[in-house]
Protein chains: 2
Amino acid sequence: MEELLKKYRKKGFKLTPQRIAILKYLEGNTSHPTAENIYMAIKEKNPTVSFSTVYNTVESLKERGEILEITIDPERKHYDPNLNPHNHIVCTVCNRIGDVFADYSGVMNLPPDVLEEFTVTGSHVDFYGVCGECRD
Amino acid sequence: MEELLKKYRKKGFKLTPQRIAILKYLEGNTSHPTAENIYMAIKEKNPTVSFSTVYNTVESLKERGEILEITIDPERKHYDPNLNPHNHIVCTVCNRIGDVFADYSGVMNLPPDVLEEFTVTGSHVDFYGVCGECRD
DNA sequence: TTGGCTGCAAAATATTTGCAGAACA
DNA sequence: TGTTCTGCAAATATTTTGCAGCCAA
């Protein structure tokens, strides 16, 4: 845990109690939380934390490349602290997001007309489905 | 053009002047417009159209499977009248969305743990890049 | 005729921002 | 000590909704 804080201190990321709560919540978190999820989870132990601080902090972490913004749910942004290349599957009923660890790097072959118009920097493969809990 | 209206009439989709304007604007449109784009484009010739009507109509068209909602831009929803299987590439500078016509159906191979937890219904491959105009 | 659509306005939801005070480095 | 962060509140942006009147079928 101290490892985590040391890492951010070293990078010049100012550590306030609110930020520490956010970082601890995100560390190893695979639930792909929204800003509201983070806010709710943190509020329990840190009642004074504000929504602005959560938004400001995730924005800051996103800019520093410490977390990823996931654009798979049209209703709101989700965040993912797992920087290892992986993909996502979203339940079309409850919007829960799961991880998919598989290599789809082969899909980088693009038609010439696209390569002419765009300098391609990356790709995402997203999956859609229905999760076990929603199958009933 | 009359083909277009006939098609919707046949499906029991009530055709008002506002809806006709929206359908004509979307027909063959490859610009992946947002609700605002549609509203702005239509307002010129149809000054009384309201934002609600645009939202209601695209929602209705989406439910009927006549257009697709694109979730590639975290800031807003885009719509695509092209129902043929294809993918998208988004410019990370100006958010412009381009079409990618290529077959990536091979990516449907998912790890067993995911297949156990989800009934997979589909996949999307999205690309990120910088478009010609933003390269300067 | 009538059920569905429109437009207005208001509400709901998500996110951003200005600013004065607080606090980390 | 100074720069950055926090919290509040207000602003902004996107989308949805209630409802009275309208109109396509």
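In what follows, every chain begins at residue 1, and chains take the letters A, B, ... in the order their sequences are listed. Bear in mind that the values here come from a model prediction, so they are computed numbers and not experimental data.
- The closest side-chain heavy-atom distance from A/K6 to A/E3 is below 4.5 Å.
- Atom-to-atom, CG of B/L15 to C1' of C/dG4 comes out at 12 Å; the value is rounded to the nearest Å.
- Atoms CG (B/L23) and P (C/dC5) sit 12 Å apart, rounded to a whole Å.
- Between B/Q18 atom CD and C/dC8 atom P there is a gap of 10 Å when expressed in whole angstrom units.
- Here the P atom of nucleotide D/dG2 and the NZ atom of A/K14 are 13 Å apart, to the nearest Å.
- Among the atoms of the strands shown, only primed sugar atoms or phosphate atoms (P, OP1, OP2) are found under 4.0 Å from some heavy atom of B/T48.
- Using a 4.0 Å heavy-atom distance criterion, B/T16 is classed as a sugar-phosphate-only contact.
- Among the heavy atoms of the strands, none lies under 4.0 Å from A/P74.
- Between B/S60 and B/E75, the residue whose closest nucleotide on DNA chain C is further toward the 5' end is B/S60.
- Residues A/V90 and A/I97 share a closest heavy-atom pair of CG2-CG1, 4.1 Å.
- Nucleotide C/dC5 holds its C1' atom 6 Å from the CZ atom of B/R19, rounded to whole Å.
- Contact between the side-chain N/O atoms of A/K11 and the OP1/OP2 oxygens of C/dA25 is not found at any separation under 4.0 Å.
- Between B/E66 and B/F13, the closest side-chain pair of non-hydrogen atoms is not below 4.5 Å.
- Nucleic acid contact for A/E59: none, since no nucleic acid atom lies under 4.0 Å from a heavy atom of the residue.
- Atom P of nucleotide D/dT15 and atom CG of B/N37 are separated by 11 Å, given to the nearest angstrom.
- Applying the 3.5 Å distance criterion, the base of D/dC8 shares a donor-acceptor pair with the side chain of A/S52.
- Listed for the B/Y104 side chain is a donor-acceptor partner under 3.5 Å among the backbone atoms of A/N109.
- Mapping B/N56 and A/K77 onto DNA chain C by nearest heavy atom places B/N56 at the nucleotide closer to the 5' end.
- The aromatic rings of B/H88 and B/H86 stand perpendicular to each other, their planes meeting at an angle above 60°, with 30° marking the opposite boundary.
- Rounded to whole Å, the distance from CZ on B/R9 to C1' on D/dA24 is 10 Å.
- With the nearest nucleotide of DNA chain D identified for both B/P17 and B/K62, B/K62 has the one nearer the 5' end.
- Contact check, B/Y55 against D/dT16: no side-chain N or O comes under 4.0 Å of OP1 or OP2.
- For C/dG7, one of the phosphate oxygens OP1 or OP2 lies less than 4.0 angstrom from a side-chain nitrogen or oxygen of B/T53.
- In this structure, A/D73 atom CG and D/dT15 atom C1' are separated by 14 Å, rounded to whole Å.
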